[in-house]
Amino acid sequence: MNSYTVQKTIRPLSGTLCFPGDKSLSHRAIIFGALAEGVSEFTNVLAGEDCVCTRKAFEDMGVRVESLSDTHLRITGRGLRGLQAPKKELYLGNSGTSMRLLLGILSGFDFEATLTGDASLSSRPMRRVTDYLKQMGARIDGRDSGNFAPITIHGGHLEPIRALLPMASAQVKSALLLAGLFAEGETAVTEPSKSRDHTERFLSFFGGRIKEKDLTVSITGGQALQAKSFAIAGDISSAAFFMAASVLAPGSQIRFESILWNPTRTGIVDVLKRMGVVFEMGPYREEGPEKIADFMLKSGELRPFEIKKEELPRLIDEIPILTVLATQANGRSVIHDADELRVKETDRIESMVTMLSRMGAKIHAQGNTVIVEGPTPLHGAKLHSFKDHRTAMSLIIAGLIADGETIVEGLDCIQTSFPNFFDLLRTIRK
Ligand code: S3P
């Protein structure tokens, strides 16, 4: 489906929803399963295109990945040094996580591989990882001195580094920690604020040892990882669209089940609470390296919110849907210094400001700061996704509260992270 027409919701939304596996966790499950010794099994793995790209890349490097169902994978690990040179280019579609994490891993292997992607991925900055990997000893070629795909990498003998990152980025941190697994000695990565910590959790859970102190994570190279099996938690970034729908349609009763509950990812929950939303939490459970929770939301009048730069990494993927929520809050919401949004699958400041303005929202950007005045009634409009999955889904949710008919075009991109988005939308509108 490449275009969708959404009418305003007049009735409250209801239902019990389980979400596809978290995208960040699904990538890492495939990566760690491939590098571990032994056979790992994961259920509720995201079958979205991004994770399929990661899977195919490892299969192209000799890793056996069996589908026991669409979302249940059995991976026979090849151990730390066991990947084979790919016979063709590794195509990573739209997935920045696949490309950056693979660059880190491939810098540990003495063979050549070329990484390619779609037009969006080929315009996203890779220098943020390739400069460090070159310092560690990898040979890297690509447009603009290894900044843009296609990128050819030839790794091998790696020296450890101490990297002081200019931006908080889990992709960069993870690429360097994974490269550090192959370096001789201790690699340390320091961020300006803490980004999602899944790689650190996976490293420990699969039997590796890391050290964490304040904003620095260190790893000593050469450690073997052991296979593990677990269920992947529901994606909190996908659930965020339905959390917003639940808040925006008064009287809604949506139950969220088995959602990833990791403090480096629950920034959206904190902002919703500041807006006045009440979370009724079910019991927490451990699932492999992560915690999961069930919950329901209760909301009334919405307060505006402010998000400072330090908080951004904990909700970086939720900014598009938060701009939609801000249009209905009672006052001025401000998202400060969101420069990282400019280099996502599309420029998400540009996409949300232009599309929500078209619906009548009072939203503008001052540099990289986004300002939204609410509450404003939205009206239906003809919109496009900028080929970005999170922009697309945010606009569809905005359409639920807009008068008249909203048409969103360019929706194939939703397949990258949330293949059953429309099924769940139908469930809550019944
Ligand atoms: C991701 C990290 C984030 C996020 C992306 C997934 C990850 O990117 O936006 O969707 O799995 O490590 P950055 O770390 O570059 O901000």
Side-chain angles (χ1 to χ4, degrees), residues 20-32 45-46 48-51 53-54 92-105 117 120-121 123-130 132 147 163 165-179 189 191-203 215 217 232-233 235-241 260 262 264-268 289-290 307 309-322 337-349 351 368 388-394 413-414 416-418:
D22 186 81
K23 182 158 75 68
S24 293
L25 300 190
S26 299
H27 282 299
R28 286 162 176 80
I30 297 165
I31 291 171
F32 281 81
V45 180
L46 174 62
E49 283 167 3
D50 276 16
C51 298
C53 287
T54 294
L92 303 171
N94 194 241
S95 177
T97 309
S98 310
M99 187 165 284
R100 295 196 176 113
L101 272 55
L102 267 169
L103 283 166
I105 294 163
S120 153
L121 185 57
S123 66
R124 294 182 65 189
M126 295 297 143
R127 179 169 291 135
R128 49 181 59 200
V129 291
T130 53
Y132 290 115
N147 196 21
L165 305 188
M167 80 293 279
S169 163
Q171 292 182 353
V172 179
K173 174 178 63 178
S174 303
L176 300 184
L177 291 175
L178 288 165
V189 187
E191 301 186 277
S193 45
K194 194 170 162 83
S195 64
R196 61 192 69 189
D197 64 358
H198 309 307
T199 299
E200 295 90 306
R201 286 171 186 264
F202 272 63
L203 279 166
L215 294 167
V217 190
I232 307 290
D235 195 327
I236 187 166
S237 298
S238 298
F241 301 107
L260 175 67
N262 171 319
T264 62
R265 294 287 298 282
T266 47
I268 175 84
E290 301 281 353
I307 298 173
K309 192 171 178 77
E310 314 77 74
E311 196 180 10
L312 275 168
R314 299 181 55 235
L315 42 70
I316 189 74
D317 292 340
E318 286 65 76
I319 297 295
I321 192 63
L322 279 165
D337 303 319
D339 38 302
E340 279 297 302
L341 285 193
R342 300 274 189 203
V343 290
K344 290 295 174 191
E345 287 82 330
T346 190
D347 175 343
R348 287 182 177 154
I349 294 183
S351 66
N368 296 321
D388 169 46
H389 54 135
R390 302 208 195 274
T391 298
M393 292 183 274
S394 300
C413 53
I414 292 176
T416 61
S417 69
F418 201 165

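Model, not experiment: these values are computed from the prediction. Note that the numbering runs from 1 along the sequence shown for the chain. Remember, it's 1-based here, ligands and their atoms both numbered in the order they're listed.
Side-chain polar atoms of His389 and Ser417 form a donor-acceptor pair below 3.5 angstrom. For the residue pair Ser237 and Lys23, no side-chain donor N or O sits within less than 3.5 Å of a side-chain acceptor on the partner.
Taking every heavy atom of Ser24 and a limit of under 4.0 angstrom, the matching atoms of ligand 1 come to 1 (C), 6 (C), 7 (C), 11 (O).
Contact annotation: for His198 versus ligand 1, there are no heavy atoms closer than 4.0 Å.
With salt bridges taken as basic N to acidic carboxylate O contacts below 4.0 Å, none links Asp22 and Arg196.
Shortest non-hydrogen contact noted between Ser195 and Pro313 is CA-CB, 3.9 Å.
Protein heavy atom at the shortest distance from atom 10 (O) of ligand 1 is Asp317 OD2, 2.8 Å. The protein heavy-atom contact nearest to atom 15 (O) of ligand 1 is Ser169 OG, 3.1 Å. The shortest contact between atom 14 (O) of ligand 1 and any protein heavy atom is with Ala170 N, 2.7 Å.
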- request: Could you please spell out the steps behind the side-chain contact (heavy atoms from CB on, under 4.5 Å) verdict for Met393 and Ser238?
  value: CA-CA 9 Å; Met393 292 183 274; Ser238 298; 5.8 Å; no
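At a 3.5 angstrom cut-off on N or O pairs, Ile316 does not count as close to ligand 1.
Going from atom NZ of Lys194 over to atom CD of Glu311 covers 15.5 Å, rounded to the nearest 0.5 Å.
For atom 13 (P) of ligand 1, the nearest non-hydrogen atom from the set Arg100, Lys344, Arg196 belongs to Lys344. Nearest to atom 12 (O) of ligand 1 by heavy-atom distance, out of Lys23, His27, Arg28, is Arg28.
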